[in-house]
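Before any comments, here is the structure.
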Amino acid sequence: MLILLKPNASAGQIEAISARARELSLVPQPVRSGGQDVVSLSGATSGVDPGAFSALPGVAQVLQVSAPWQLASREFHAADTSVDVAGVRIGPGRFTVIAGPCSIESPAQAMAITHAIKAAGAHMLRGGLYKPRTSPYSFQGLGEAGVAAIDAVRKQTGIAFVTEAVDERSLELIEQHADMIQIGARSMQNFALLKRAGRSRLPVLLKRGMSATLEEWLQAADYVLSGGNAGVVLCERGIRTFNTHARNTLDLGVIPAARELTHLPILVDPSHGTGNSAHVPAMAMAALAAGADGLLIEVHPDPAQSISDGEQTMNPERFNSLMKQLRAMAPLVGRAL
Ligand code: PEP
Ligand code: MN
């Protein structure tokens, strides 16, 4: 249940609404989402009479959202949302390309790839400091040792940077050294991490779990939103199916389906979605045609030498030609790249 507040609702009025919620054994959480101040109520709300709140001072509307996700829903917020990441806008009318290596490997690699993707027209850098790897013997990322490389890149180039948090500790470090927090597919239902991300001032890139339904994904988004963080961007990265021809099955059909249910921006990651760099351009173009708000693409100065995910990683030259194709196509579907 969402209590939509009047624009001038006072702190005292919000506290009175929260006190009424606690009397009804509900947990109130004031949040600001999509430019609207709201008190979101959790607990057994289905039997609660909206009249318990509608007459309280400061209340504009009581919304009983039918879906189990609320703040991500179109019922709450009809218009598409834009998320600002350090000056880069992700949302309607734009097509935002985030690129970079699977892992940050060295200061030289981080600097070289940043210059390359910027020259090709990418808007943001993504590179893993903490890597959630299937095998414990695989490279786990530089972690804190990679922070200096990122600090130098951001200082010298001004590029906005997103990287994955794998636990609360890494999230806290990332908050000091990045502009956006990635929550990876494997962590989409790490509820403690989602709650912590909900308390962050940084926007969140929320990847779809590899076996998550759209509904589960949107409820994960509400974990972040209901903590008070309105900056959530979804990212489709492929799901696990019976297919053996690709690392994952990139579910582009989820884009129009998600558009019906949520106002949040949606990116597509054709690198993890295919597992094959030769297949990335086709699926990147298809994502643009399908209405995605942008892409997440793995690019490395020398993919054959990449410590992780080399097979699906483009070299700067191929990335540059993909960007040219995307720039030609974007205006046809009402997007500025
Ligand atoms: C990644 O972005 O490098 C990554 C591990 O992605 P995912 O969580 O989608 O597997
Ligand atoms: Mn990767």
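Each ligand, and each atom within it, is numbered from 1 in the order the structure gives.
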Exercise for review: Hey, could you give me the CZ/CG distance between Arg327 and Leu337, rounded to the nearest 0.5 Å?
Suggested key: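 Arg327 CZ to Leu337 CG: 6.5 Å, rounded to 0.5 Å.
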
What atoms of ligand 1 come within less than 4.0 Å of a heavy atom belonging to [X]?
X	result
Cys102	3 (O)
Gln182	1 (C), 2 (O)
Gly184	8 (O)
Ala185	7 (P), 8 (O), 9 (O)
Glu298	3 (O)
Arg237	7 (P), 9 (O), 10 (O)

Practice item. Please work out which of Arg186, Glu236, Glu164 has its closest non-hydrogen atom nearest to atom 10 (O) of ligand 1. Key: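 Nearest option to atom 10 (O) of ligand 1, by heavy atoms: Arg186.
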
Check your understanding: Does Arg259 come within less than 4.0 Å of Asp293, counting only side-chain N to carboxylate O?
Key ->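 Looking at Asp293 together with Arg259, the answer is yes, because their closest N to O distance falls below 4.0 Å.
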
Point to revise | Glu15/Arg20 ion pair, N-O < 4.0 Å | key: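 No, this pair does not count.
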
Review point. Relative to the Mn ion (ligand 2), which of the N, O or S atoms in Glu298 is the closest?
Key: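 Atom name returned: OE2.
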
**Study point:** Atom of Asp309 nearest the Mn ion (ligand 2) (restricted to N/O/S, atom name only)
**Key:**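 It is OD2 of Asp309.
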
Practice item. Identify the protein heavy atom lying closest to atom 4 (C) of ligand 1, giving its residue, its atom name and the separation to 0.1 Å. Key: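 Going by distance alone, atom 4 (C) of ligand 1 is nearest to His272 NE2, 3.4 Å.
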
Check your understanding: Nearest protein heavy atom to atom 1 (C) of ligand 1, by residue and atom, and its distance?
Key ->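 Nearest protein contact, heavy atoms only, for atom 1 (C) of ligand 1 is Arg126 NH1, 3.0 Å.
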
**Study point:** Side chain, backbone, both or neither: Lys131 near ligand 1, heavy atoms under 4.0 Å
**Key:**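 It is the side chain that touches ligand 1; the backbone stays farther off.
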
